[in-house]
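One structure is given below, encoded as structure tokens.
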Amino acid sequence: MIFNLILAGLIGLCIGSFLNVVIYRLPRGQSLATPPSRCRNCGYLLRWYDNVPVLSWLFLRARCRSCGTAVSWQYPVVELITAALFLLVVWLTPIGPLVFARLVLVSILIALFGIDLEHQILPNAITLPGIVIGVLFSLIAPPGIKDSLIGVALGAGILYAIAGGYYLWRREEGMGMGDVKMLAMIGAFLGWKAVLVTLVLSSFSGATIGLLLMAVQRGTMKFALPFGTFLAIGAMIAMMAGDPLIAWYAGFF
Ligand SMILES: [Zn+2]
């Protein structure tokens, strides 16, 4: 088990490094494969030893080796968060295809979180293949194909209805189609029950943080943070702790 956890952490660091590339390049329409990583200021081509997750950033004191320009703390943070979540998944999940499904979903959610936070978009290039991958995994792993397909329909249906209702009420868009596709994807991976848990958790945390920000800034009712970031957090919690939460919630009826 210890060996599996160490391996999960190390693989998580490397995947996190790749997710940094996805978060930076995908919304800018750049290729993920080429060119190799360079300093954004001086164009210095990163050698393998400049690209070791977390360690290179620490060793170079968050600066480019060539020109000394600051390198964002976002890089090691994404790598460490990915490693921590990979550890958690491997620790909580029995060995089998479900582990891989969850690791893929975690990676996708981290990328969507980062991109939505910075650009307020949830690219189709991630969400649409994500739906297909989630459904395919459900052929060999929980929640099973039926729950997965209902999850896609319910995830898309609920948010589509909310988005439509909000538009009729306020005559402006409160929620994008990106959120609709993202929750459909979460449903594909986790099944329809987790869609409900995700929605409750993300709405609750979104409202809490929104109210806090309003109190601090005396701002408007507008979402201060994009909803996709809350969906990502809600889905992670639903995945790790969904079954006990559903049981607890069902206890009220
Ligand atoms: Zn440089």
Side-chain angles (χ1 to χ4, degrees), residues 5-90 100 102-130 133 176 178-179 181-182 185 209 213 216-217 223-233 235-236:
L5 289 176
I6 292 171
L7 191 65
L10 290 176
I11 292 173
L13 285 174
C14 298
I15 298 289
S17 188
F18 173 68
L19 293 177
N20 274 315
V21 176
V22 174
I23 291 169
Y24 184 80
R25 291 190 182 181
L26 194 87
R28 292 174 172 84
Q30 300 170 356
S31 158
L32 300 182
T34 55
S37 299
R38 287 173 180 275
C39 169
R40 278 179 224 158
N41 183 51
C42 70
Y44 166 74
L45 188 67
L46 269 65
R47 311 291 192 272
W48 68 266
Y49 48 80
D50 299 318
N51 232 343
V52 181
V54 184
L55 292 181
S56 292
W57 188 85
L58 285 176
F59 183 74
L60 295 169
R61 297 202 183 87
R63 308 211 161 268
C64 166
R65 185 191 292 280
S66 172
C67 70
T69 298
V71 178
S72 170
W73 51 266
Q74 191 187 307
Y75 288 93
V77 165
V78 168
E79 285 157 1
L80 286 173
I81 287 175
T82 309
L85 289 170
F86 270 43
L87 270 174
L88 199 59
V89 165
V90 170
F100 294 98
R102 288 183 165 183
L103 293 179
V104 169
L105 178 61
V106 160
S107 306
I108 293 175
L109 291 175
I110 292 169
L112 288 175
F113 181 95
I115 293 171
D116 203 25
L117 194 61
E118 198 180 343
H119 300 273
Q120 287 77 52
I121 52 165
L122 298 161
N124 284 339
I126 298 178
T127 52
L128 294 181
I133 295 168
D179 299 307
K181 289 168 229 165
M182 183 173 174
M185 181 199 79
I209 290 179
L213 288 175
V216 175
Q217 304 177 329
F223 290 114
L225 289 171
F227 192 57
T229 59
F230 294 109
L231 282 178
I233 295 169
M236 299 244 196

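One-based numbering along the sequence shown. In each ligand, atom 1 is the first atom listed, and ligand 1 is the first ligand listed. Every heavy atom of this structure was used, including side-chain atoms; hydrogens, water molecules and symmetry mates were not.
- Atom CD1 in I115 sits 12.0 Å away from atom CD1 in I110 (nearest 0.5 Å).
- At most 12 heavy atoms of other shown residues, nucleotides or ligands fall within 6.0 angstrom of atom CZ in F100.
- For S37, there are no side-chain hydrogen bond (donor to acceptor under 3.5 Å, both in side chains) partners at least two apart in sequence or on another chain.
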(request) Report the C-alpha distance between R65 and L46 in whole Å, list the side-chain angles of each, state the deciding distance to 0.1 Å, and finish with yes or no for side-chain contact (heavy atoms from CB on, under 4.5 Å). (result) CA-CA 9 Å; R65 185 191 292 280; L46 269 65; over 6 Å; no
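- Taking every heavy atom of both residues into account, Y49 and S56 meet most closely at O-OG, 2.7 Å.
- Closest of all the heavy-atom pairs between M236 and L85 is SD-CD1, 3.7 Å.
- Protein atoms that are N, O or S and lie under 2.8 Å from the Zn ion (ligand 1) are these: C39 SG, C42 SG, C64 SG, C67 SG.
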